[in-house]
Amino acid sequence: MVFRSKVDAWLVLVAVFVPVIALAFVAYRTRLDPKAMPVVLIVALAAGAAALIFTKTNYTIDGDVLIIRSGFFRWRVPIRDIESVTPTHNPSSSPALSLDRLEIRYGPKTILVSPDDKAGFIRALTRINPNIRL
């Protein structure tokens with residue numbers, strides 16, 4: 001079962017469109033002067049990495065494991081180890097594309113996620129581990 005991340009529009013503007021606009025500005029102002037190519041390349045890579053994160057952030061329940069994907073990153077959380085799931089708006093860096101988040105506490109670790117269908121996500125987790133505190 002795959003849950004997509006909720007996406008905040010302001011985050012799309014900041015993470016994707018700002019680098020694209022910067023890239024266009026640098027390309028226009030330098031007329032693609034070879035000396036400016038390192039800057040163009042860095043901005044293009046940043047825009048590409050942001051686009052990858054926006055297209056590849058999701059939360060998959062596979063058997064008794066929660067697999068969290070965000071761009072090139074992967075986390076595997078045994079659902080039986082999840083102690084609590086708490087709503088939060090914590091802005092810490094995490095595999096969540098919205099500030100409407102859930103904090104998942106498992107053992108000594110926590111991770112923030114932002115499933116679009118929070119109720120369905122929590123139901124799916126608690127079917128596997130009914131001891132999760134909400």
Side-chain angles (χ1 to χ4, degrees):
M1 181 177 276
V2 178
F3 295 87
R4 298 187 61 180
S5 179
K6 183 176 183 178
V7 180
D8 286 348
W10 67 268
L11 189 58
V12 174
L13 286 172
V14 170
V16 177
F17 292 115
V18 169
V20 168
I21 290 168
L23 179 63
F25 179 76
V26 168
Y28 173 76
R29 293 290 293 166
T30 64
R31 312 276 191 287
L32 294 179
D33 181 347
K35 291 182 220 163
M37 292 317 281
V39 173
V40 170
L41 182 61
I42 289 168
V43 174
L45 288 173
L52 179 67
I53 288 170
F54 279 93
T55 59
K56 299 289 184 184
T57 297
N58 61 54
Y59 319 108
T60 303
I61 295 176
D62 184 14
D64 62 350
V65 176
L66 171 61
I67 302 167
I68 301 167
R69 291 183 181 93
S70 185
F72 296 113
F73 300 100
R74 306 277 182 278
W75 294 262
R76 296 178 63 82
V77 177
I79 296 172
R80 297 275 177 218
D81 291 352
I82 296 175
E83 299 166 7
S84 66
V85 176
T86 309
T88 184
H89 292 284
N90 183 337
S92 295
S93 177
S94 66
L97 302 177
S98 170
L99 287 179
D100 185 13
R101 298 173 170 192
L102 296 172
E103 178 185 75
I104 297 175
R105 184 171 301 281
Y106 59 107
K109 300 177 183 178
T110 62
I111 192 163
L112 302 172
V113 297
S114 60
D116 198 29
D117 177 10
K118 289 192 331 186
F121 180 76
I122 291 170
R123 266 193 314 277
L125 291 176
T126 56
R127 266 189 238 121
I128 297 166
N129 180 358
N131 296 320
I132 295 173
R133 290 187 321 271
L134 303 174

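For the numbers below, each heavy atom of this structure counts, side chains included, while hydrogens, waters and symmetry mates do not.
Following chains of ILVMFWY side-chain contacts shorter than 4.5 Å, one can reach Leu99 starting from Val14, so the two form part of one hydrophobic cluster. At a threshold of 4.5 Å between side-chain heavy atoms, the hydrophobic network of Ile, Leu, Val, Met, Phe, Trp and Tyr places Phe72 and Ile53 in two separate groups. Residues Trp75 and Ile128 are members of one and the same hydrophobic cluster, defined by side-chain heavy-atom contacts under 4.5 angstrom among Ile, Leu, Val, Met, Phe, Trp and Tyr. Linking Ile, Leu, Val, Met, Phe, Trp and Tyr residues whenever their side-chain heavy atoms come within less than 4.5 Å places Met1 and Val77 in a single cluster. Both Leu13 and Leu97 are part of a single hydrophobic cluster, where members link through side-chain heavy atoms under 4.5 Å apart.
Looking at heavy atoms from C-beta onward, Phe54 lies out of side-chain contact with Ser5 at the 4.5 angstrom threshold. Between Phe73 and Pro95 there is no side-chain heavy-atom pair separated by less than 4.5 Å. Put simply, the side chain of Ile104 reaches to within 4.5 Å of the side chain of Leu66, judged on heavy atoms.
Atom CD1 of Ile79 and atom CG of Asn129 lie 8.0 Å apart (nearest 0.5 Å). Distance check: Ile68 CD1 to Ile111 CD1 gives 3.5 Å after rounding to the nearest 0.5 Å. Expressed to the nearest 0.5 Å, how far CG of Leu125 lies from OH of Tyr59 amounts to 12.0 Å. Taking CZ of Arg105 as the reference point, atom OG1 of Thr110 lies at 5.5 Å (rounded to 0.5 Å). Between atom CG of residue Leu102 and atom NZ of residue Lys6 there is a gap of 10.0 Å, rounded to the nearest 0.5 Å.
When atom types are taken as modelled, the side chain of Asp62 and the backbone of Ile67 share no donor-acceptor pair closer than 3.5 angstrom. Judged purely by atom type and a 3.5 angstrom limit, Asp81 has no side-chain atom pairing as donor or acceptor with the backbone of Gly107. A donor-acceptor pair under 3.5 Å is absent between the side-chain atoms of Tyr106 and the main chain of Arg80, judged by distance alone.
Other residues, nucleotides and ligands contribute at most 12 non-hydrogen atoms within 6.0 Å of the CZ atom of Arg76.
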Which atom pairs, one a donor and one an acceptor, fall under 3.5 Å between side chains of residues 115-123 and the rest of the protein, sequence neighbours left out?
unit_1, atom_1, unit_2, atom_2, d
Asp117, OD1, Gly120, N, 2.9
Lys118, NZ, Asp100, OD1, 2.7

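Residue pairs that meet the side chain to side chain donor-acceptor pair (under 3.5 Å) test with at least one member in residues 85-98, sequence neighbours left out, are Asp8-Ser98, Asn90-Ser92, Ser94-Arg101.
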